[in-house]
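In this text, all values refer to a predicted model and were calculated from it rather than measured experimentally. First the proteins, then the strands, lettered A, B, ... as listed; each starts at 1.
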There are 2 protein chains.
Amino acid sequence: MGARTIGRMSGNREYIMITAGRPATLDDVARAAGVSRSTASRVIAGTGFASPVARERVRTAADRLGYVPNTAARALVRGGGVRLLVAVAGTSPAVLDDSYVDQVVSAAARVCAPHGLGVTVQWLPLDAPGLLTRLTADRAVAGLVLVNTTSALLDLVPLRLRGRAVSIGIGSATVPSVDIDNAGGTGSLVRHLYAGGRRRIAMVTGPRWLACADRSVQAYRRLLGDAGLPTREVVGDFSAARGRAAAREVLRRWPDTDAIVGISDATALGVISQLRADSVRVPDDVAVTGFDDIPLASATALTTASHPVRRIATAAATMVLEQRPKPDRTLFPSAPVLRESA
Amino acid sequence: MGARTIGRMSGNREYIMITAGRPATLDDVARAAGVSRSTASRVIAGTGFASPVARERVRTAADRLGYVPNTAARALVRGGGVRLLVAVAGTSPAVLDDSYVDQVVSAAARVCAPHGLGVTVQWLPLDAPGLLTRLTADRAVAGLVLVNTTSALLDLVPLRLRGRAVSIGIGSATVPSVDIDNAGGTGSLVRHLYAGGRRRIAMVTGPRWLACADRSVQAYRRLLGDAGLPTREVVGDFSAARGRAAAREVLRRWPDTDAIVGISDATALGVISQLRADSVRVPDDVAVTGFDDIPLASATALTTASHPVRRIATAAATMVLEQRPKPDRTLFPSAPVLRESA
DNA sequence: TTGAAAGCGCTAACAG
DNA sequence: CTGTTAGCGCTTTCAA
């Protein structure tokens, strides 16, 4: 441990080979290569000039010593930070117990790995805006991915993170957005219902504060409006439990409903289970659609719209890491997935 | 941007209040509190002595300036690292496209957040042991969580990480393990099958190199051996596709099989779909069990055993972060979840 | 109890 | 093209 082997290079210069214990530092590499630390830094970081000879010697030395740059030190001097913060807005910390968030975090971690960056995830209470400010005050934060955020939160993103923040959901003048095309996905589902002869179409919406959910609602309203049909809306919250209750409410208020559009697959699954419990046939009496195409959807033959969460998160994290101008808005298409429920 | 307000404290000493831009550093806090940087460091880090007065003034100043310690700088000097590495062993990078891994990463990120640490995830090819060595050579790596690892890989964990590495799966003399009680879970399932009158019980196993999967197989063998029954094993790989093929193989080799134990829910679901396709009734003709209790399991009424992945990952990450002696082995119980498939 | 001073490992001007 | 020189922000001896 800490054992070193002192040897001699052909050039008759002393070098040190670390055999165990302390990982090699840039100094070790420079010494072994017989160049200055700056030169070693230049070739390792790939920045600045270096003669082919120097390049070669440094590379060899680094290889032999198993040199790996210390990300923390590098981040300190460059001021770039060492981790990507995934901040998920919501009313309770339970928002983090969600496979959607899992996928975002995991995808982000995968993108960050080669850059030597880590990822952390935090719940952002909607009513405690100070937290975002505190979290982003840590210079170790290299970038920010906001999930399900609000405009209020968006405005709190500090200047330091301009260009290093992306929102999965709505964006702002300073924070670009990467998102799923809720309107397109929901629209195609509503059109499918209409094409199937449904005319009394209700919708179980998401929480009002969530803009992306609202886009689905707007699409639903627009389409029904265009067709001269009245809307039937019940507020939900993405959960199956709320979907159940909502199904009851829909049928109580509008007994002749022949289709229910759920804001999410979980919602739709809740709706279906309640409907079946009440002996309403799906899709014969009432057609039901979801949104997201989670694994459960295919198993339960739920008609829904696709939502490539992993690809979206990967794009978001990549945008944060790559420091080049980003489009204000990147929309991933959502395709209808027609199965048996509608 | 970068605007500052110069004011005067009651003690008539100059201080600087950052109103925007550059986050406050420890120097700013010290200056504002009228103490040396060392003193400020002691009270902020909570290490070493400080008079109540100093403590108070530093706290106030830090609060007012919205001071947040720079994790990277701290890690650099303390040598503690800035991120937790989740390394997932497997034969292809696709092992990372798995909700199991997502949950582990996400849970780890949650545990790390308050410590100012990030998380990265890496695929560890079984045949490229050098990668682990290279990855862990980065001093920025504060800790290691190995997933589905092998003894060979375990032996490569460097001394520097001793006490800062945990394995979800098998452990070693130097790396403690946190795991699910596969044997217990599988055992209770096999007993349930036996109690239900099944006597010709086959098993679709996991890949041979995976020790945790092997524990299930051992339990199956032991129980059948104790009952004087012959074993019927087909090698699987946790996938539904392989489960399908395995079901075919089982029935070809042992046509009178009356129960199939799947190494995972995905495997079992694959088995069931193949069985149904071949007009074999489940559970009437052949009972099928899984392992993990994924969301799909309840939707498909699959009998299985529970697997609290989130809790396991949280425990693992916590052990890595808390620097106290750990038990060599922590086993989380797996309870049978009886549904319709067996 | 406190402050001065010396780095942690690396990058980035700036002269040579 | 290369080496010298300053730090990045923080912790930690060591004296005072």
task: For side chain to side chain contact (heavy atoms under 4.5 Å, CB included), just list the numbers for A:Arg59 and A:Val43, CA-CA rounded to whole Å, side-chain angles, deciding distance to a tenth of an Å, and then say yes or no.
output: CA-CA 8 Å; A:Arg59 290 259 160 73; A:Val43 2; 4.3 Å; yes

field: Which residue lies more 5' along DNA chain C, comparing B:Ser36 with B:Arg78 via nearest heavy atoms
entry: B:Ser36

- prompt: Which sits closer to the 5' end of DNA chain C, B:Arg139 or B:Ala40, going by the nucleotide each is nearest to?
  reply: B:Ala40

[atom1] of [X] versus [atom2] of [N]: gap in Å, rounded?
X	N	atom1	atom2	result
A:Arg55	D:dC1	CZ	P	8 Å
B:Leu65	D:dG9	CG	C1'	15 Å
B:Phe49	C:dG3	CZ	P	16 Å
B:Ile44	D:dC10	CD1	P	9 Å
A:Leu76	D:dG7	CG	P	14 Å
A:Leu26	D:dG3	CG	P	12 Å
B:Asp27	C:dG3	CG	C1'	13 Å
A:Arg31	C:dG9	CZ	P	11 Å

statement: side chain to side chain contact (heavy atoms under 4.5 Å, CB included) test vs B:Val119 passes for just one of B:Val145, B:Val111, B:Val86, namely B:Val86

field: Residue of the set A:Met319, A:Arg329, A:Lys326 for which side chain to side chain contact (heavy atoms under 4.5 Å, CB included) holds with A:Val178
entry: A:Met319

Side chain of [X]: nearest nucleotide among [options]?
X	options	value
A:Ser41	D:dG3, C:dC8, C:dT11	C:dT11
A:Ala45	C:dT2, D:dG9, C:dT11	C:dT11
B:Thr25	C:dG9, D:dG9, D:dT12	D:dG9
A:Ser51	D:dC1, D:dG3, C:dC10	D:dC1
A:Val77	C:dG7, D:dC1, C:dT11	C:dT11

For [X], which contact category applies under a 4.0 Å heavy-atom criterion: base, sugar-phosphate, or nothing?
X	result
B:Ala75	nothing
A:Ala72	nothing
B:Ser38	base
B:Arg42	base

task: Would you check if there is a donor-acceptor pair between the side chains of B:Ser41 and B:Ser38 at a distance under 3.5 Å?
output: no

Report, one line per pair, each donor and acceptor closer than 3.5 Å where one atom sits in a side chain of residues 149-156 of chain B; sequence neighbours left out.
| residue | atom | partner | partner atom | Å |
| --- | --- | --- | --- | --- |
| B:Thr150 | OG1 | B:Leu153 | N | 3.2 |

- prompt: Between the side-chain atoms of A:Arg37 and the base atoms of C:dT11, is any donor-acceptor pair under 3.5 Å?
  reply: yes

